[in-house]
Amino acid sequence: MASYIGNTQKDVQDMLKVIGVKSIDDLFQDIKPRHASQSFDLPAGKSEFEVVECFRRLASQNAAHLIPFIGGGYYDHYIPAAVDAIISRAEFYTAYTPYQPECSQGTLQALYEFQSSICTLTGMEVANASLYDGGTALYEAAMMALRLTNRKKVLLDGGVSPIYRKILKSYTGNLHYEFQETSVAHGQSHRQEMEELLDENTAAVILQNPNFFGAIDDHSDIIKKAHELGVLAIESVYPIALGLIKTPGEMGADIVTGEGQSLGLPLNFGGPYLGFMATRKEFIRKMPGRIVGQTVDQEGRRCFVNTLQAREQHIRREKATSNICTNMSLCALQAVIYMSLLGKEGFKELAQLNLDKAEFARRMMERIKGVEVIRSSQTFNEFTVRLSKDASGVVEAMIGKGFAAGFPLGRYYKGMDNYMIVAVTEKRTKEEILRYVESLDEVLNKSNHCSSNRKEHVAS
Amino acid sequence: MDLIFEKSVEGKRGFLNPKSDVDVRAEMPSSYKRQKECHLPEVSELDVVRHFTNLSKRNFSVDSNFYPLGSCTMKYNPKFTEDLARLCGFTHLHPLLPQLKQGEKLVQGALGVLYEMDRWLCEITGMDSFTMQPLAGAHGELTGVMMMAAYHKSKGNKKKYIVVPDSSHGTNPATAAIAGYEIVCVPSDKNGVMDLSRLQEKITDEMAGFMLTCPNTHGIFNSNIDKITEMVHAVDGIMYYDGANLNAIMGRFRPGDVGFDVMHVNLHKTFATPHGGGGPGAGPVGVKEKLIPYLPISRVVRKEDGTYSLNYDYPDSIGYIASFYGNFGVILRAYAYLLLLGKEGLKEASNHAVLNANYIKERLKKHFALPYDHICMHEVVLSAATQAKSGVHAIDIAKFLIDKGIHPPTVYFPLTVQEAIMIEPTETESKQTLDHFIQAMVEADELSVTEPSAFKDLPKTMPISRPDETKAARDIDTNYFAEKPC
């Protein structure tokens, strides 16, 4: 039966008899005629085969073939096949929130391992079992800091993803909080502005590393200054970079969030993704979201449970730390499998590989007329370039050559129409990078794109 | 079972990165370099696969067990939707593509899915427009309440509080509080529906809106629903419909027809997308015309030439509530399910969901207290109050069921019912499965009379017995790498 109904006609008759009604319609007698649906004009059902054909057609109407040099917080990393093989086990994906620990140890232990992996990756003491995505996780972190400090002001670094900054402002629109934004200096956080704006009314300073322009920063000095004023430091991170760069824990951050898409999740047109959050142990009771803890059973055997539930909505209702209920368990599972496969050495190598490929691409791009690679700060696998032409037009032309060439910054930053950010992950081969550079050269210098137009190698 | 970290052996590799094909070795300056080691495990691919496969065996799931978890709609998740959501035309799609110049042309199939889902959900619920962005039910609630606030702000209404029934989901009051409202609670009457006279007392000009689940968490449809919407609208309050229980009413009742102004739908409940051990879900939000200006951006629009685009130009919008366009992979699965079932299939799903719940209610009401003896919708709330007198509580019944291979119903919710056992069988379960469950419940009742002490050690067939939850909350251990408490 098309609606996956379990009962036969005979079953239905037997059940109606037990209930003591004549028809299924009788069970809906509380829905009075005046409440009845005024319309239910939907198409008839289709066969599985027909739906599959329809979806193949829809999928073919998307340009998934473009070679991505676009990032902006969401990256095209290779996902080992074992990740999907494991999350395709129905014991994981058709279960629900582990309310009954005895028959949910699989999910619970995996989430404990996820939390532990996030802790060691970020250098923090405790992590939760996931949040919706990187943007909403940052909002939850801001709310957590406001609760912890009882202050009303948040300082927001201009290098934080513009998408995240928009999310933060939407959510707090109806609340009495003040957001102050600082600008970016030479790609990095603007120390002087930060110092001027940080004060004893500030609940938190929100930073991102690497920032939206791709710049890496050591925020230790800002965080130290913040702590002197009782301000909490929130750091949004790109997990792959942490294979190589200074962790928020090492910088002294209080709350860490991030987008976990890069940890084994496909790009999927924006979701499902994975928000993660880590903090200091002393703040654990103010942290939103599910938290899995280790304990023992009646026989003293190790086991895992959802713990500190007194923070949560189903217990605390309006006094909860967050309204969050469902999180992203399966995505957290994806991430912990991914991190386990990559492992200690593989994760470091992966980060180094990203750094090397991006550096190669930068050097190649610097040889083209009309491209200025911004080298004012250290970067990881994404970097800013200034073009001789409007970046959105260049990116449009590059689509015709089979590339998603980067993300034009003019969309979110005034006066940056000629700038774009370019991401180069481990998946981009030398051949792809060279073809990309060649195509970019053609687009920028179309009228006369022979090799004589190339600049000599520009030393940085 | 050992943790993956405890299986780590120095030098083992689970995955090999490609060798670098560029002759550049960049150096991260030491001032930016991480100093402390990251302790991810060193394990082989087989170690990882075996570890997680063995973990998976420690879970109950819909595919392996009856899972009548009330309020969660644990119906069967069709397999073909898993394949469809993995088509690379969807999985490889970068979310920023449509934000490029002419970029919408690159994602017409994806935008088409979002647009069509909006149309389907509008017709199913009687709403005028949907946003697909909210990433879970509670996220949808927050989006809805934010729109409520934006509406009042634009009209200059001075509103202070939101009313919820005492039987509501915990997310309702939590959401309203986070959006900046005070909460006022209305008690249920003896029939398990909200007490209308008590509601009237709570309605003042300062009431921003009312959040209602209908049928409610007692599984009962409120026949006064039209009166309630009139009362709330009289003070320009907004009626919020919590769509958690939509599986009961498809084709019979549409919230939009009786005066609800805004609602969310849990795609992972009603539209059969897998629950993933607690997410990802998806919680699209629908609104009536008066709230359309406040919908989050971006919005998918269909142009005159039949192509789709994203529009950001809505000055009254509440803004961005998520990074992109929703949990797209979940939306895809739900859309495939809708296409397959169609009009008749959806109606039939609700019919059988309600039939199955009533069958369980009739068969079990002789054995368990039934707080509200009324025709129920898709779920029924029983009480273990009788058994509790001999020391057998709802949680003990739950553990008994685990040993019978059944995932327990929701227990101790709704809060209005003492020793609540909330059972939602869904339409995909057969009479034979329900009979097996009923038999187990009857046995539990009998055992509570003959040997009540037998429950304390249950379950016995699982890899673990009952965990020490107090210890978990006292000696907090949420991170393997943390220094252990002494």
Side-chain angles (χ1 to χ4, degrees), chain A residues 3-4 6 11 15 30 38 42 44-45 55 58-59 61-64 86 89-91 93-97 102-103 105-107 116 119-120 132 135 166 170 174 266 269-272 293-295 297-298 303 307 313-314 317-318 320 323 325-330 341 344 359-360 392 396 430, chain B residues 14-15 21-22 24 26 39-40 52 55-56 58-63 84 87 89 91-93 95 101 106 108-109 135-136 138 149 170 173-175 177 180 183 221 257 274-281 319-320 323-324 327-328 342-343 345 348 359 428 430-431 462 464-465 472 477 479-480:
Chain A
S3 31
Y4 305 100
D11 289 336
M15 291 161 85
D30 284 341
Q38 287 169 18
L42 294 167
F55 265 64
L58 286 165
Q61 291 163 8
N62 296 322
I86 296 168
R89 289 190 68 89
E91 295 90 335
Y93 82 81
T94 73
Y96 197 29
T97 303
E102 297 89 346
C103 57
Q105 284 299 299
T107 294
S116 304
C119 287
T120 187
Y132 303 136
K166 282 174 190 286
S170 310
N174 197 40
F269 201 50
Q294 183 174 194
T295 183
D297 73 357
Q298 288 173 345
C303 62
T307 192
Q313 50 77 26
H314 62 285
R317 297 175 73 85
E318 67 267 24
N323 75 334
C325 177
T326 296
N327 53 14
M328 292 281 164
S329 273
L330 199 70
L341 285 166
K344 183 176 161 186
E359 181 55 30
F360 176 73
S392 61
E396 185 190 358
K430 181 177 182 180
Chain B
F15 174 75
D21 56 358
V22 296
V24 169
H39 298 289
L40 292 178
F52 286 102
L55 278 185
S56 79
R58 300 180 148 222
N59 266 6
F60 274 14
S61 66
V62 172
D63 277 14
L84 296 183
L87 291 172
T91 54
H92 289 191
L93 219 48
K101 193 174 175 189
L106 308 173
Q108 284 297 303
L135 304 172
T175 300
I183 316 302
F221 188 89
D257 291 340
H275 283 64
Y320 281 55
S323 305
F324 295 107
N327 268 341
F328 186 68
K343 177 181 179 169
E348 183 146 275
Y359 177 69
T428 57
S430 66
K431 178 173 177 292
M462 292 292 105
I464 63 158
S465 59
D477 176 0
N479 168 17
Y480 173 71

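The sequence lines fix the lettering, A, B, ..., with proteins before strands; numbering per chain opens at 1. Excluded from the calculations below are hydrogen atoms, water molecules and symmetry mates; all remaining heavy atoms, backbone and side chain alike, are included.
Across A:A95, A:A64, A:A63, A:A90, the residue that shares the most heavy-atom pairs under 4.5 angstrom with chain B is A:A95. Annotation: maximal heavy-atom pairing with chain B below 4.5 Å, among A:T307, A:T94, A:D11, A:L58, occurs at A:T94. Between chain A and the options B:G342, B:S323, B:A149, B:G180, the largest number of non-hydrogen pairs under 4.5 Å is found for B:S323. With chain A as the partner, the residue from B:A177, B:G319, B:A26 showing the most heavy-atom pairs under 4.5 Å is B:A26. With chain A as the partner, the residue from B:K431, B:H39, B:H92, B:Q108 showing the most heavy-atom pairs under 4.5 Å is B:K431. Residue with the most contacts toward chain A among B:G276, B:P274, B:S430: B:G276 (heavy-atom pairs, distance under 4.5 Å). Chain A forms more heavy-atom pairs under 4.5 Å with one residue of B:A472, B:S61, B:G89 than with any other, namely B:S61. Heavy-atom pairs under 4.5 Å with chain B were tallied for A:A44, A:S116, A:P266; the largest tally goes to A:S116.
Checking side-chain atoms of B:N327 against main-chain N and O of A:G271 turns up no donor-acceptor pair under 3.5 Å. Side chain of B:D477 to main chain of A:Q294: no donor-acceptor pair is present (N/O by atom type, distance under 3.5 Å, no hydrogens or angles). Here the side chain of B:N479 pairs no donor or acceptor atom with the backbone of A:C119 at under 3.5 angstrom.
Residues passing the ring-ring contact (aromatic ring centres under 6.0 Å, His included) test with B:F324, sequence neighbours excluded: A:Y74. The salt bridge (charged side-chain N to carboxylate O under 4.0 Å, His left out) check on A:R89 picks up A:E91, with sequence neighbours excluded.
Counting all heavy atoms, side chain and backbone alike, B:G277 lies closest to A:S329 at O-OG, 2.8 Å. Of all heavy-atom pairs between A:D30 and B:F221, the closest is O-CD2, 3.5 Å. For B:L135 against A:Y132, the heavy-atom pair with the smallest separation is CD1-CB, 3.5 Å. The two residues B:P280 and A:L330 come nearest to each other via the heavy atoms CD-CB, 3.9 Å. Of all heavy-atom pairs between B:S465 and A:Q298, the closest is OG-N, 3.1 Å.
Here the OG1-CZ distance, from B:T91 to A:F269, works out to 13.0 Å after rounding to the nearest 0.5 Å. Here the CZ atom belonging to B:F52 is positioned 8.0 Å from the CG atom belonging to A:L341, to the nearest 0.5 angstrom. In this structure, the separation between OH on B:Y359 and CE on A:M15 is 6.5 Å, given to the nearest 0.5 Å. The distance from the CZ atom of A:F360 to the CG atom of B:D21 is 8.0 Å, given to the nearest 0.5 Å.
Side-chain contact between A:Q105 and B:I464 is present, with heavy atoms from C-beta onward closer than 4.5 Å. At least one side-chain heavy atom of B:L40 sits under 4.5 Å from a side-chain heavy atom of A:T120.
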